[in-house]
Number of protein chains: 2
Amino acid sequence: MSNQELVVLGQDDGDPACCPGLLTAPLDEGQAVELAKVFKALGDPVRLRLLSMIASRAGGEVCVCDLTPAFDLSQPTISHHLKLLRQAGLIDCERRGTWVYYWLVPEMTDRLAGILTRPAGDPLPDRTATSAGAAS
Amino acid sequence: MSNQELVVLGQDDGDPACCPGLLTAPLDEGQAVELAKVFKALGDPVRLRLLSMIASRAGGEVCVCDLTPAFDLSQPTISHHLKLLRQAGLIDCERRGTWVYYWLVPEMTDRLAGILTRPAGDPLPDRTATSAGAAS
DNA sequence: GGGTTGTATTGACATCCTTCGATGCAAGCT
DNA sequence: AGCTTGCATCGAAGGATGTCAATACAACCC
């Protein structure tokens, strides 16, 4: 049940300056496609709320039975959204008896945070004296 | 031309521990809807590549005429994606003569990175001895 | 002004997504 | 075994999204 996530961004090959970055170099097609799947999973209010409910849970995990009643949506719909979050590698789950518990995969959110972080002393070109100077 | 972005996440009211966080407390409906718009903008490979091309550009800005030919898509399609990125507050643009230049709005990516970052010493419940213990 | 080039908007179409009710499967209980 | 509860999967329906060709708009040049 826990073996279906995307392997996206899977290379953590010891590179200290991990994650090419999105903000530092142009993504190639393949990277963009994989990354887009994860961001797309975050691109829905219901899934964002589900993720935040799961991530902020004290014990680290939540029973589906606690998630479903928090929404004005049918149980199959919630189940579907949880599946998408899981396929994106953002959460994982396990069945224990009658109930299924979900928890955050912090490695994935860490990775996204890293991808969206620009290198420390980035120029940050002051947008005040925009003169000519570029392209074509 | 630069006045149409989402005002999302607009409150930067001096709170040092800015951005509730998504990973620390359940998002409410409104926050989730606003945040989802931004992530949705990132949920497309073309837009991710556009954003990375813009963000990683040396001078800090890129002419549309340099972006369009990098894709196997029509010019209106690229224009449409740029518009979505701009409406999400991720980029901004300015016309200078015949050309239009786009640049990254780093405040927005910073904000997203912050939202996806969990508080420093987070428990990180070791997922090895999963016993009972939760919910309902 | 008229023509040319760069970019945005419009309208149409195919595809994908969110949602639902109905149903199926897993596990516990009597 | 049968019943009940929790969750997932399966179609189907409606709306949203990505793409294009055609067109409009803006700025330059002759």
Please determine if B:Asp66 and B:Arg57 form a salt bridge, counting it only when a charged side-chain N lies under 4.0 Å from a carboxylate O.
yes
Counting N and O atoms only, with roles assigned by atom type, does the side chain of [X] sit under 3.5 Å from a partner on the main chain of [Y], one being a donor and the other an acceptor?
| X | Y | result |
| --- | --- | --- |
| B:Gln31 | B:Asp28 | yes |
| B:Arg47 | B:Arg49 | no |
| A:Ser52 | B:Leu23 | no |
| A:Thr68 | A:Gln75 | no |

Quickly work out the [X] [atom1] to [N] [atom2] distance and round it to whole Å.
| X | N | atom1 | atom2 | result |
| --- | --- | --- | --- | --- |
| A:Tyr101 | D:dG6 | OH | P | 11 Å |
| A:Glu94 | C:dA27 | CD | C1' | 15 Å |
| A:Leu85 | D:dA8 | CG | P | 12 Å |
| A:Ile91 | D:dC7 | CD1 | P | 13 Å |
| B:Arg96 | C:dT7 | CZ | P | 12 Å |

Does A:Arg96 qualify as a cation-pi partner of A:Tyr101, given the criterion of NZ or CZ under 6.0 Å from the six-membered ring centre and within 45 degrees of its axis?
yes
Is any side-chain N or O of B:Tyr102 closer than 4.0 Å to OP1 or OP2 of C:dA8?
yes
Per-nucleotide protein contact string for nucleotides 10-26 of chain D, where B marks a base within reach and S marks sugar-phosphate only (heavy atoms under 4.0 Å, - for neither)
-------SSBBBB----
